[in-house]
J.: 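Sharing a structure here in structure tokens format.
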Amino acid sequence: MEFSVQTSRQRELADITEQVASAVAKSGVAEGICLAYVPHATAGIIINEFEPNIEADFLELFGKLFPSGNWRHNKIDDNAEAHLKSGFVGPGATVPVEGGRLLLGTWQRIILCEFDGPRKRMVVVKVVGK
Ligand code: ZN
């Protein structure tokens with residue numbers, strides 16, 4: 001299944017755990033694997049704690065690693081840093097499913113990373129198992 005997320009800033013993190021958990025529940029899978037994936041070249045998915053300070057810290061780190069600048073791709077559409085961040089983070093995350101639920105740690109959330117928003121982003125969820 002899939003769902004969309006409307007981001008509201010150029011760069012932001014969005015907690016999508018509940019939407020992914022809902023997809024797992026609908027799948028009927030009790031034991032297996034859940035993939036959450038974004039089919040986008042300037043967004044990504046991480047699993048981590050989600051709260052405003054860690055969001056700000058991640059965005060600051062990404063900015064330090066991939067600062068705006070004279071990247072070659074900027075000659076095409078001026079969003080090279082967003083592509084580089086997306087490639088660094090990766091487009092998806094895999095979580096074990098146990099007892100019909102995502103096996104996340106107490107502080108783990110599934111987080112969509114927006115690097116070139118605001119945009120409407122698609123999240124694809126595949127749940128396999130039995
Ligand atoms: Zn581009």
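We're numbering straight along the sequence, starting at 1. For ligands, and for the atoms within them, numbers begin at 1 and follow the listed sequence.
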J.: Any heavy-atom pair between the side chains of T42 and R121 that's under 4.5 Å?
T.: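 A side-chain contact under 4.5 Å exists here.
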J.: Would one find more than 12 heavy atoms of other residues, nucleotides or ligands at under 6.0 Å from atom CZ of R9?
T.: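 Atom CZ in R9 is packed in, count exceeds 12.
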J.: To 10 degrees, how wide is the angle NE2 (H73) to the Zn ion (ligand 1) to NE2 (H83)?
T.: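 If I round to 10°, I get 90°.
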J.: Under 4.0 Å between a Lys/Arg side-chain N and an Asp/Glu carboxylate O for R109 and E18?
T.: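 Yes, charged N to carboxylate O under 4.0 Å.
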J.: Would you check if the Zn ion (ligand 1) lies under 2.8 Å from any N, O or S atom of D78?
T.: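 Coordinating: no.
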J.: Below 2.8 Å, any N, O or S contact between N79 and the Zn ion (ligand 1)?
T.: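 Coordinating: yes.
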J.: For residues F62 and F58, establish whether the separation of their ring centroids is below 6.0 Å.
T.: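 Distance test on ring centres: under 6.0 Å, yes.
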